Amino acid sequence: MLGVVGQLAHFDVEFTTDEIVLGSDTDPFTGRHRHCAGDGASHSGEPHDVGIHAARSKTQDDRHVRYEAIVDAEHGGAGLAARHRSVTAVWLVETHVAKSTRGDRRRVRGGRDSVASMDTPHDEAPRFRFAPSPTGFFHVGGARTALFNWALARRRGGRFVLRIEDTDAERNRDEWIDGIIDALAWLGISADDPTFEGPYMQSDNRQAHIDAATRLYESGHAYYCDLTPDQIAERAAADGGAGYGGWSRDAGLGPGPDRVLRFRVPDGTTVVSDGVRGEVEFDNGVIEDFVLVRSDGSPVFNLANVVDDHLMGITDVVRAEEHLSNTPKQQMLVTALGWAVPRWGHVPVLVNEQRKKLSKRRDRVALEQYRDEGYLADAMVNYLMTLGWSAGDDVEIRPWAEIEQLFDLGGVNLSPAFFDVRKLGAFNGEYIRALDTVAFIDAVDPWLPTQWDRMRFSRIAEHIQPRLTTLSEAAGVVDFLFSDEPVRDAPSWDKVMSADYAAGLLDAVIEAYATIDPAGFDAATTKAELERVMEPFSLKLGKAQAPVRVAVTGRTVGPPLFESLEVLGSEETLRRLRAARTDLVS
RNA sequence: GCCCCCAUCGUCUAGUGGCCUAGGACACCACCCUUUCAAGGUGGCGGCACGGGUUCGAAUCCCGUUGGGGGUGCCA
């Protein structure tokens with residue numbers, strides 16, 4: 001049996017020592033001189049004409065030699081197998097993708113372009129989907145999942161289908177739809193892009209869900225059950241605390257009031273083939289006969305999900321890991337319904353500092369909140385993509401166009417990732433600094449008080465740009481340029497103005513600045529004048545500027561002082577200096 | 001309880017049996033630059049959870065333990 005996974009495949013070849021000579025120089029695949037069995041060091045080399053890029057011996061004993069090879073898709077696994085047969089009589093070729101171990105997954109990673117593509121029946125353009133349930137805000141974890149799907153859909157020339165899972169409808173539909181569409185658009189997932197499709201509403205498919213349920217009942221895959229949750233709990237307790245336990249399985253009940261429809265879970269095992277985690281095996285015996293239709297006639301998530309995906313022609317389901325345990329149920333439903341099983345891909349969840357799944361109750365998870373605080377969409381997107389995924393190199397900050405080309409499920413990590421706002425902030429600062437000044441001014445604008453003079457702000461903009469982590473901090477940094485009076489920070493004042501030189505220096509500065517022609521009151525001049533008058537004080541510029549800074553801005557920290565003075569102007573600067581000098585006396 | 005997944009610096013990650021004395025980024029510390037604070041530059045601190053195997057050789061493969069996460073609904 002041979003399975004080729006994508007363009008590149010790794011697989012083991014086992015053969016007996018009867019067929020090759022141990023220690024020989026002959027490559028068993030090509031007949032050329034190549035590796036010695038057991039010669040693990042010589043695993044690099046030129047591609048071979050049958051498409052073997054590399055082969056290396058893995059283990060050996062006196063009966064078997066195991067080879068691992070990377071094969072070119074052009075020549076195909078089948079061709080290779082044929083070649084084997086022509087060379088020797090008995091070959092045992094097998095893929096590694098047998099169990100859900102990390103190692104197995106790793107071996108399929110070479111197949112970056114089309115994970116498991118030759119094993120699946122979907123030849124047409126892949127259709128991905130993003131299926132959020134409307135909660136009133138957009139979860140950052142959902143954002144990442146959406147981005148993953150978007151990247152995949154774009155690169156593989158497929159579609160990104162948006163479906164809103166609104167089964168428990170309470171709020172206003174249009175409101176959710178707009179919120180979700182807006183959030184996606186902010187991330188760069190535009191409903192106007194040809195890759196985008198939807199939104200569809202799960203609730204619109206209700207009849208199809210019911211029809212599927214009926215089909216399942218009629219075909220014997222589902223049965224009615226009249227037990228209430230309380231009764232189940234009672235029986236389970238009496239029985240030793242199992243679960244539902246299939247009580248009504250063979251009761252032969254028909255439809256009726258207060259009856260739920262349950263899926264008859266078949267015996268055996270269900271193997272979920274996952275593009276991120278390899279193959280995951282579930283023993284059906286541990287899966288209860290789950291409910292498909294509630295006693296009020298409404299379809300349940302697992303059913304609705306499967307039906308919707310089928311209706312929408314979804315070929316690839318990429319979602320958070322919390323759904324992995326549901327997947328065998330969904331796969332059984334798909335199979336019972338006679339539909340094609342999609343390719344699954346379960347990406348790890350995002351967690352908080354306590355390593356718990358990000359929750360809206362405890363954690364700051366609303367994408368909108370980050371947007372409102374002045375995180376740039378590009379920074380957020382870039383950061384989100386580094387959580388649980390890397391391109392395999394040392395680069396973290398890279399444009400979306402590149403990410404889109406590089407992203408693949410095989411590169412996704414298996415463990416939960418901590419959503420670290422500090423690192424997000426570092427990314428954001430990076431992106432803010434990368435903006436040209438005009439773009440920066442444009443970007444901060446929404447965070448500036450409307451009455452502020454934009455011209456005035458633009459004169460100081462380049463100086464605050466490298467100092468920001470978020471755009472919302474901008475106003476607080478330069479507020480002294482727009483207010484009548486600086487807001488005096490008491491600790492700053494006390495610390496700086498208590499210096500014995502403060503009063504004398506202020507006097508000297510006031511005198512010097514008063515003689516500067518207001519038209520020539522620029523950064524260079526004010527700096528030069530301060531440097532001149534501070535000489536008798538034997539101070540460094542850093543010390544000498546402190547009283548001036550506090551007098552004019554109210555604080556010890558802020559944008560470069562002389563540039564600030566220039567923007568503030570001669571008159572206002574002098575007024576503030578004099579006011580401070582006066583207050584210093586009392 | 002049962003099922004599933006996972007395990008490299010504090011955090012996000014690189015790592016696909018020898019290129020590993022384990023690399024990068026964030027954070028932290030120091031120094032340089034400097035007009036405060038940033039930014040920038042240089043350097044530093046810091047990790048393969050543990051125990052067994054397999055192998056000439058293990059962060060890497062196997063088993064176990066421990067730890068973490070997710071699921072186990074007439075939620076999605």
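Throughout, a chain's letter reflects where its sequence line sits, starting with A, and its residues are numbered from 1. Everything numeric here is computed off the predicted structure, so don't read it as measured data.
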May I ask you to decide if [Y]'s main-chain N or O and [X]'s side chain share a donor-acceptor pair within less than 3.5 Å?
| X | Y | result |
| --- | --- | --- |
| A:R319 | A:V347 | no |
| A:N284 | A:T270 | yes |
| A:R144 | A:L387 | yes |

Rounded to whole angstroms, how far apart are [atom1] on [X] and [atom2] on [N]?
| X | N | atom1 | atom2 | value |
| --- | --- | --- | --- | --- |
| A:E279 | B:C5 | CD | P | 12 Å |
| A:M385 | B:A14 | CE | P | 13 Å |
| A:R163 | B:A76 | CZ | P | 13 Å |
| A:Q330 | B:C4 | CD | C1' | 15 Å |
| A:W344 | B:C4 | CH2 | P | 18 Å |
| A:D408 | B:U16 | CG | P | 16 Å |
| A:L358 | B:C12 | CG | P | 12 Å |
| A:F130 | B:A76 | CZ | C1' | 13 Å |

Pairs under 3.5 angstrom, nitrogen or oxygen only, protein versus nucleotides 67-74 of chain B, please.
| unit_1 | atom_1 | unit_2 | atom_2 | d |
| --- | --- | --- | --- | --- |
| B:G69 | OP1 | A:K356 | NZ | 2.3 |
| B:G70 | OP1 | A:K357 | N | 3.1 |
| B:G70 | N2 | A:S325 | OG | 3.2 |
| B:G71 | OP1 | A:K357 | NZ | 2.9 |
| B:C74 | O3' | A:R294 | NE | 3.2 |
| B:C74 | O2 | A:S295 | N | 3.2 |
| B:C74 | O2 | A:S295 | OG | 2.9 |
| B:C74 | N3 | A:S295 | OG | 3.0 |
| B:C74 | N4 | A:L227 | O | 3.0 |

Pairs: protein N or O with nucleotides 46-48 of chain B N or O, under 3.5 Å:
none

Exercise. Relative to the 5' end of RNA chain B, which residue comes earlier, A:N302 or A:F419, by the nucleotide with the nearest heavy atom?
Worked result: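 The 5'-side residue here is A:F419.
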
Over all strands shown, is A:F282 touching base, sugar-phosphate only, or nothing at heavy-atom distances under 4.0 angstrom?
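Sugar-phosphate, backbone atoms only, no base.
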
Worksheet item: When all nucleic acid strands are considered with a 4.0 Å heavy-atom cut-off, which category describes A:G388: base, sugar-phosphate, or nothing?
Response: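 Touches sugar-phosphate only.
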
Suppose we screen for side-chain contact (heavy atoms from CB on, under 4.5 Å). Which residues come up paired with [X], at least two apart in sequence or across chains?
| X | answer |
| --- | --- |
| A:R264 | A:Y223, A:R249, A:D250 |
| A:R549 | A:Q545, A:T553, A:L561 |
| A:Y217 | A:Y224, A:P255, A:L261 |

Requested in this report: Apply side-chain contact (heavy atoms from CB on, under 4.5 Å) to the pair A:L358 and A:H139, showing each step before the final yes or no.
Outcome: CA-CA 9 Å; A:L358 244 36; A:H139 195 288; 3.8 Å; yes

ask   = Out of B:A76, B:C4, B:C12, which nucleotide sits closest to the side chain of A:F418?
value =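 Looking only at side-chain atoms, A:F418 lies closest to B:C12.
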
I'd like to check A:L577 versus A:Y513 (side-chain heavy atoms, cut-off strictly below 4.5 Å). Are they in contact?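 Sidechains of A:Y513 and A:L577: in contact.
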
* Asked: Is any side-chain heavy atom of A:F427 less than 4.5 Å from a side-chain heavy atom of A:E396?
  ->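 Answer yes - side chains close enough.
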
Per-nucleotide protein contact along nucleotides 21-39 of chain B, 5' to 3', at a 4.0 Å heavy-atom cut-off (B base, S sugar-phosphate only, - neither), is --BBBSS-------BBBBS

**Prompt:** Yes or no on side-chain contact (heavy atoms from CB on, under 4.5 Å) for A:E566 and A:F521, after CA distance, side-chain angles and deciding distance?
**Reply:** CA-CA 6 Å; A:E566 180 180 323; A:F521 194 81; 5.6 Å; no

Could you check A:K423 against A:Y383 for side-chain contact (heavy atoms from CB on, under 4.5 Å), going step by step and ending with a plain yes or no?
CA-CA 8 Å; A:K423 187 151 183 178; A:Y383 175 63; 3.8 Å; yes

| message | For a side-chain contact (heavy atoms from CB on, under 4.5 Å) check, start with the C-alpha distance between A:N305 and A:H323, then their side-chain angles and the critical distance, and finish with the verdict. | response | CA-CA 11 Å; A:N305 214 268; A:H323 292 286; over 6 Å; no

